[in-house]
Amino acid sequence: MSENTVSIRHLKEHADQVVHLKGWLNGKRRSGKIGFLQIRDGSGTVQAVASRAELSEQAWEDVKAVTQESTVHVSGTVKVDERAPGGVELHVTDFGVDDLCGEFPITPKEHGTAFLMEHRHLWLRSSRQRAALAVRNEVCQGIRDFFYEREFTLIDSPILTPAACEGTSTLFETDYFGDPAFLSQSGQLYLEPAISAFGKVYCFGPTFRAEKSKTRRHLTEFWMVEPEVAFLEFGGLCDLAEEFIQTLVGRVLERCSEHLEVLERDIAQLEKSTHPFPRITYTKAVELLKEKGQSIEWGEDLGGEDETVLAEHFDQPVLISHFPAAIKAFYMEPDADDPKLALGLDIIAPEGYGEIIGGSQRIHDHDFLLERIKEHDLPLEAFKWYLDVRKYGTCPHSGFGMGVERFVAWMTGVKHLRETIPYPRMLYKIYP
RNA sequence: UCCUCGGUAGCUCAAUGGUAGAGCGAUCGGCUGUUAACCGAUAGGUUGGGGGUUCAAGUCCCUCCCGGGGAGCCA
């Protein structure tokens, strides 16, 4: 017999053909002389129907004995059948167990979060987890395509860094041949020099924050994508950030409908986010929040609840800009019309998913940046090379950063960031 | 770090200070269209650790450990 090994995703294209599958047993129901086997091969799942009358004695014994998550091989005819989830099922002609699985910890019934997190390596096999991580895969590919199509150059920034970008308290420290080194919490400072070489650049990789944050919106290790563009000023930056989000949302809607269905995601919510985003200034946002009864004063940073109130009010992503310079990073360019304000922007996702983008136009004047570094009591020696960007042919430039997990959480409707990354790293948790 | 809730069978949870239980899972048996199948049976426990109160503690008190949710900070 000729080999006709196919993946479950493509079974529909093989109606009435005999095919071979290799995979794992997702679940089983047996009723006397007929068995229903849910087979998963990584590309999808299919129900295989095994009748005693049509099988060898050995194959039927394996059908009776097979346990959840056993490794199996199966041959059968692909049949279109309305009764089957997915539209097709497999009428088994041969079946065998390659590895009989012992009692699998994760059953089809309920489990607590602590238990599931301890079994993250096994939890990955569950349908919701597979769907969420498949969306993450699509988002990551979308990010790379977005920048590649717009002729950005990928500049990988280092993970081991000699000094802090914005203070050391939130950095993971490690030993580097006897000297302290820190895990990167942003690639931005390394990206800025690269704009003078490539014009439009981005980095995409893991970042590390030793913040003792214990919320559903925080990981200690998360992935961030950061574009940085020469000669791009603040207005253009806002447009780029908005187009970026719209493009990614559109791509997820177009290519992940199956996964979003598994996750029971409300698509209508996401469709709103392909339209232009409302844009307001920080000052306007504070006024609005006060009207809504939030206790916030001009000059204070927006709290988590403030973000949620704003997101609910607009019911789609909202772009907030022109923050008080005092609460923002030292490198942000001041507004020419009002130097108390910084040309920074945040994009807040709707439905309580919080800040997904933060960015700014950067200070490009050498002496002014030097002054700012001194004001912030930052170690001048560590920023010598960063100042060189301004010393040797400076230009106005801007960039932003987007947290991949927060974006994926918003797309999938998953409440906690831990389910948007294969192996989450959280406060005090690094197993498995 | 702070606030708050919790830790009992493999899992999810019950149990007035008075004999530790159920459902699911597992195992065995039955069933030819099941969708978290169903029916019958069996096995399964140092109640997170330590100390205390009491005739008696899963239950009350102290302490430590671990976990969930939230806050601050951030993406």
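Chain A is the first sequence line, chain B the second, and so forth, proteins listed ahead of strands; every chain is numbered from 1.
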Integer angstrom distance from the C1' of B:rC60 to that of B:rC28
44 Å

Please answer whether the main-chain N or O of A:G44 pairs with a side-chain N or O of A:D41 as donor and acceptor at a distance below 3.5 Å.
yes

P gap between B:rU59 and B:rU16, integer Å:
13 Å

I want to check one thing: is the phosphate of B:rG67, taken as OP1 and OP2, less than 4.0 Å away from some side-chain N or O of A:R418?
no

Between the side chain of A:R265 and the main-chain N/O of A:M411, is any donor-acceptor distance below 3.5 Å?
yes

Is there a Watson-Crick or G-U wobble partner for B:rC2 with both distances under 3.5 Å, and which nucleotide is it?
B:rG70

Atom CG of A:N26 and atom C1' of B:rA37 are separated, to the nearest Å, by 16 Å

Counting only Watson-Crick pairs (N1-N3 plus N6-O4 or O6-N4) and G-U wobbles (N1-O2, O6-N3), all under 3.5 Å, who is the partner of B:rA75?
none

In plain terms, say whether A:D266 and A:K272 are close enough for a salt bridge, that is, a side-chain N and a carboxylate O under 4.0 Å apart.
no

What does A:H119 touch in the nucleic acid at a heavy-atom separation under 4.0 angstrom: a base, only the sugar-phosphate, or nothing?
nothing

Derivation of the salt bridge (Lys or Arg N to Asp or Glu O under 4.0 Å) call for A:E405 and A:R418
CA-CA 8 Å; A:E405 288 76 17; A:R418 64 187 161 216; over 6 Å; no

Under 3.5 Å on both distances, the Watson-Crick or G-U partner of B:rG23
B:rC11

Is the shortest side-chain N/O distance from A:Y353 to OP1 or OP2 of B:rC74 below 4.0 Å?
no

Please compare A:F115 and A:D301 by the position of their nearest nucleotide in RNA chain B and report the one closer to 5'.
A:F115

It should be established whether A:K64 places a side-chain nitrogen or oxygen under 4.0 Å from OP1 or OP2 of nucleotide B:rU27.
no

Does A:H111 get its side chain close enough to the base of B:rC11, under 3.5 Å, for a donor-acceptor pair?
no

Classify the side chain of A:R30 and the base of B:rC38 as holding, or not holding, a donor-acceptor pair under 3.5 Å.
no

Base of B:rU34 paired with side chain of A:Q47 (donor-acceptor, under 3.5 Å):
yes

Could you check whether A:I357 gets within reach of a base, just the sugar-phosphate, or nothing at all, counting any heavy atom under 4.0 Å?
sugar-phosphate

Under 3.5 Å, is there an N or O donor on one side and an acceptor on the other linking the side chain of A:S213 and the base of B:rC73?
yes

Should A:E375 and A:R372 count as an ion pair when the cut-off is N to O under 4.0 Å?
yes

Atom pair OH (A:Y331) and OH (A:Y386), whose distance is rounded to the nearest 0.5 Å:
7.0 Å

Sticking with atom C1', work out how far B:rA22 lies from B:rC66, rounded to a whole angstrom.
26 Å

Rounded off to whole Å, could you give me the NZ-to-P distance for the A:K212 and B:rG72 pair?
18 Å

Suppose you measure atom C1' in B:rG18 against the same atom in B:rG58; what distance do you get, rounded to whole Å?
13 Å

Check this for me: does the side-chain of A:K214 come within 3.5 Å of the base of B:rG69 through a donor and an acceptor?
yes

Atom CG of A:L427 and atom P of B:rU1: how far apart are they, to the nearest Å?
8 Å

Are A:F222 and the base of B:rA75 stacked, counting only ring centres nearer than 5.5 Å and planes tilted under 30°?
yes

Under 3.5 Å, is there any donor-acceptor pair linking the side chain of A:E305 to the base of B:rG72?
no

If you find the nucleotide of RNA chain B closest to A:F36 and the one closest to A:I327, which residue's nucleotide is nearer the 5' end?
A:F36

